[in-house]
Q: 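Attaching a single structure in structure tokens format; questions to follow.
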There are 2 protein chains.
Amino acid sequence: MNHAGAAGLKDAKDRFVRTWGEMASQWGINKTMARVHALLMASDAALSTDEVMSALGISRGNANMNLRALVDWGLVRRVAVGGERKEYFQSEKDVWNMCCRIARERKKREIEPVIGALEECLREAGGGRDAAAFRRKLTDLLELVRLLDFVLGKLAQQEKNAVMPRVLTLMKAMG
Amino acid sequence: MNHAGAAGLKDAKDRFVRTWGEMASQWGINKTMARVHALLMASDAALSTDEVMSALGISRGNANMNLRALVDWGLVRRVAVGGERKEYFQSEKDVWNMCCRIARERKKREIEPVIGALEECLREAGGGRDAAAFRRKLTDLLELVRLLDFVLGKLAQQEKNAVMPRVLTLMKAMG
DNA sequence: TCATGTTTTCAGAATTTACTGAAAGTATGA
DNA sequence: TCATACTTTCAGTAAATTCTGAAAACATGA
């Protein structure tokens, strides 16, 4: 029973790693990066590059690149273990903080540049009568993208979360 | 001056098409699909497959595939023009409706399957003591993903939008 | 200073994803 | 029914992305 249970846990973690990787690739995130993230989330202890490599069957270069990317996103921390020279990696423990980091990075990397580009389109389109419909479309889109920017910004600064209850309240109000 | 203005409008639309394509590919959406969508958004009139092909310099097969995908997403409609046999395509005019359609489809195609898979992980992990931390992580993630599912669901059914003011109200309340 | 253990880089290879274009399919009306 | 105008499919190709692995760089302690 214990043995079967342990096998189940291993399988469950594998499934989780696979699921997270597939989800990520649908959202424009590198699949391996997400699998590394999932592996670290599912692991109690911090893992070394070599452990990540062998757990996922990937090369050193690949492991190194994706671990660094996760650190850049603020989703994973480098930690020192015992007297070891090797670096270990540990995922952010709090799922809500994780969500905030993702919001912050996507806002900065992806939403803000789009706002700039749309504003540039608007400028370039000029004030002519022939451009009126296009200007209208652009301003509508800008309103939408700025709202998303605003929401992500709020989410990003929410270090400890009171997000869930508030959103639920709003949603109930919206019917 | 008129001539310069017209050139500016054309350039602005080109920039818009490029911007939309780049943004989309960062969010896991086919770049060409987004460019077709942007082209239709920027165009007052409905366009035929041939017009899309020549405006973007893509093949018939590619144009056909991406136009169909846009129709499947509910972002573009097939329309009949005059007495013509040819099909024409027109983007959803209202940007907020567009947003609702995207919410509905991403919820259905991407969020719901992830919820199912996470629930399966939880089942597979079993009730053993060694799985406790992993179960905790899974339930936290599920809470988060279910919240996203809920929000997208609300957004999706919001046919005519009162979304903007409500969200702004919430955001102010959140500080 | 050097030997050792570790991380980083990057050119080329592998894989995945997207695209083409010609052929097959479909609808229309004469 | 056939010719015509148009749409769809899909096998093969091209492009983009991701990955590998060996070499270079770096850090540490003797």
Side-chain angles (χ1 to χ4, degrees), chain A residues 17-40 45-73 76-90 109-110, chain B residues 17-40 45-73 76-90 109-110:
Chain A
V17 169
R18 219 172 330 115
T19 301
W20 211 244
E22 270 148 32
M23 185 193 63
S25 58
Q26 288 182 313
W27 290 85
I29 292 156
N30 180 298
K31 186 180 213 148
T32 300
M33 175 170 153
R35 293 200 305 147
V36 173
H37 187 205
L39 180 69
L40 290 172
L47 301 180
S48 68
T49 301
D50 293 78
E51 287 168 325
V52 170
M53 284 166 63
S54 71
L56 300 179
I58 62 178
S59 72
R60 185 171 300 285
N62 198 7
N64 180 72
M65 182 173 70
N66 284 298
L67 283 166
R68 178 147 44 84
L70 285 165
V71 171
D72 286 348
W73 275 72
V76 163
R77 275 190 302 275
R78 295 170 195 269
V79 296
V81 166
E84 291 219 55
R85 199 140 137 187
K86 213 180 283 191
E87 281 185 323
Y88 283 76
F89 297 88
Q90 179 165 43
R109 298 174 189 214
E110 291 151 20
Chain B
V17 168
R18 220 172 329 115
T19 301
W20 212 244
E22 272 150 31
M23 185 193 62
S25 58
Q26 289 182 312
W27 290 84
I29 292 156
N30 181 299
K31 185 180 214 149
T32 301
M33 176 170 153
R35 292 199 306 147
V36 173
H37 186 206
L39 181 70
L40 291 172
L47 301 180
S48 67
T49 301
D50 292 77
E51 287 167 324
V52 171
M53 284 166 62
S54 70
L56 300 180
I58 62 177
S59 71
R60 184 171 300 284
N62 197 9
N64 180 73
M65 182 174 69
N66 284 297
L67 284 165
R68 177 146 46 83
L70 285 165
V71 171
D72 286 348
W73 274 72
V76 162
R77 275 190 301 275
R78 294 169 196 270
V79 296
V81 166
E84 291 217 54
R85 200 139 137 185
K86 213 180 283 193
E87 282 186 322
Y88 283 76
F89 297 88
Q90 180 166 42
R109 299 175 189 213
E110 291 151 19

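So that the names make sense, note that chain A is the first sequence line, chain B the second, and so on, each numbered from 1.
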Q: Nearest 0.5 Å, what's the CG-CE distance between B:N62 and B:M53?
A: 9.5 Å
Q: Flag the pair A:M33 / A:W73 as yes when at least one side-chain heavy-atom distance between them is below 4.5 Å, and no otherwise.
A: yes
Q: Nearest-Å distance, CG (B:L67) to C1' (D:dT9)?
A: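 Rounded to whole Å, this separation is 15 Å.
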Q: Checking side-chain contact (heavy atoms from CB on, under 4.5 Å) for the pair A:V71/A:R68: CA distance, chi angles, key distance, verdict?
A: CA-CA 5 Å; A:V71 171; A:R68 178 147 44 84; 5.5 Å; no
Q: State which of D:dC6, D:dT8, D:dT18 makes the closest approach to the side chain of B:N64.
A: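 Minimum distance to the B:N64 side chain belongs to D:dT8.
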Q: Would you kindly give the CG-to-P distance between B:D72 and D:dT8, to the nearest whole Å?
A: 11 Å
Q: Rounding to a whole Å, what distance do you find between A:I58:CD1 and D:dG21:C1'?
A: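 For the pair A:I58 CD1 and D:dG21 C1', the rounded distance is 13 Å.
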Q: Where do A:L56 and A:V17 land on the side-chain contact (heavy atoms from CB on, under 4.5 Å) test, with the steps shown first?
A: CA-CA 9 Å; A:L56 300 179; A:V17 169; 4.0 Å; yes
Q: For A:S25 and for A:Y88, locate the closest nucleotide of DNA chain C by heavy-atom distance; then report the residue assigned to the nucleotide nearer the 5' terminus.
A: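 Comparing both residues, the 5'-ward one is A:Y88.
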Q: Rounded to whole Å, please give me the gap between CZ in A:R60 and P in D:dA24.
A: 17 Å
Q: Might you point out which heavy atoms bring A:K31 and A:G21 nearest each other, and give the distance in Å?
A: CG-O, 3.6 Å
Q: Tell me, do A:F89 and A:R78 make a side-chain contact under 4.5 Å, heavy atoms counted?
A: yes
Q: Please figure out whether B:N62 or B:E87 has its closest DNA chain D nucleotide nearer the 5' end.
A: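 In this pair, the answer is B:E87.
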Q: Heavy atoms within less than 4.0 Å of DNA chain C: which residues of residues 47-54 of chain A have one? Give them sorted by number.
A: none
Q: Report which part of the nucleic acid A:R68 touches: base, sugar-phosphate, or nothing (heavy-atom distance under 4.0 Å, all strands).
A: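 Sugar-phosphate, backbone atoms only, no base.
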Q: Using side-chain heavy atoms (C-beta onward) and a distance below 4.5 Å, is A:T49 in contact with A:E87?
A: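 Sidechains of A:E87 and A:T49: no contact.
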Q: What are the bounds, 5' to 3', of the part of DNA chain C that sits under 4.0 Å from heavy atoms of chain B?
A: C:dA18 to C:dT28
Q: Could you check how far CZ of A:R85 sits from C1' of D:dT28, rounded to whole Å?
A: 4 Å
Q: Minimum heavy-atom separation for A:E84 to A:Y88, with atom names?
A: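 That closest heavy-atom pairing would be OE2-OH, 2.8 Å.
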Q: Could you state the CG-P distance from A:L56 to D:dT18, rounded to the nearest angstrom?
A: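 Checked: the CG to P distance equals 16 Å.
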Q: Specify the separation, in whole Å, of atom CG of A:N66 and atom P of D:dT18.
A: 9 Å
Q: Side chains of A:Q26 and A:E22: does their closest heavy-atom pair fall under 4.5 Å?
A: no
